[in-house]
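The structure appears right after this line, and notes come after that.
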Amino acid sequence: MESLALKWINISVFFPRGEWHRLLGKCLQPLLEEEEVVEHFLLRLGKDRGEHIGLALSPGMREDSGLLERVHRRITDFLATEASVQEGREPGWDGGIFMDFPVNT
């Protein structure tokens, strides 16, 4: 018997909270508008284990084996061109308790 459960892709994009509007407006909103195969999505704003936006996508009952690759490429390209690093500060350990890491997914 065929399963009727929806398949979901879950992604976390670690990006500074003060810049979430850029990630949402320049990357995630256009992605969701252009990906016609996405029938359902959920966004979660989080700060546990680092400031991030969680994105869950479902193509519903349709099959699309390339969805994950397209979404990953779109987010990775955004992070490569729109990276948010404080002026004059490179990611890395500054001698404190926590280490700054580059944005990632």
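Applying the salt bridge (Lys or Arg N to Asp or Glu O under 4.0 Å) rule to R74 yields the partners E34; only residues at least two apart in sequence or on another chain are considered. Scanning for salt bridge (Lys or Arg N to Asp or Glu O under 4.0 Å) contacts around E51 gives an empty result, with sequence neighbours left out. Every residue two or more places apart in sequence or in another chain was checked for a salt bridge (Lys or Arg N to Asp or Glu O under 4.0 Å) with R17, and none qualifies. With sequence neighbours excluded, the residues forming a side-chain contact (heavy atoms from CB on, under 4.5 Å) with D77 are R73, listed by chain and number. Listed by chain and residue number, L28, L43, I53 satisfy the side-chain contact (heavy atoms from CB on, under 4.5 Å) test with L24 (two or more places apart in sequence, or in another chain). Partners of E36 according to the side chain to side chain donor-acceptor pair (under 3.5 Å) rule, which considers only residues two or more places apart in sequence or in another chain, do not exist here. Scanning for side-chain contact (heavy atoms from CB on, under 4.5 Å) contacts around K7 gives E63, with sequence neighbours left out.
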Item to check | Intermediate values then yes/no, side-chain contact (heavy atoms from CB on, under 4.5 Å), L79 and V13 | outcome: CA-CA 9 Å; L79 294 176; V13 183; 4.3 Å; yes
Checklist entry - Can you check side-chain contact (heavy atoms from CB on, under 4.5 Å) on L32 and L57, steps first, answer last? => result CA-CA 9 Å; L32 293 170; L57 305 170; 3.5 Å; yes
Next on the checklist: What verdict does the side-chain contact (heavy atoms from CB on, under 4.5 Å) test give for I9 and V71, after you've listed the backbone C-alpha separation in whole Å, the side-chain angles of each residue and the deciding distance to 0.1 Å?
Outcome noted: CA-CA 10 Å; I9 296 170; V71 170; 5.8 Å; no
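Here the shortest heavy-atom pairing between W20 and F15 reads NE1-O, 2.9 Å. Heavy-atom minimum distance, G25 versus P30: O-CD, 3.4 Å.
L23 CG to I75 CD1: the interatomic distance, rounded to the nearest 0.5 Å, is 7.5 Å.
Applying the ring pair (Phe, Tyr, Trp, His ring centres under 6.0 Å) test to pairs two or more places apart or on separate chains, those with a residue in residues 31-58 are F14-H52.
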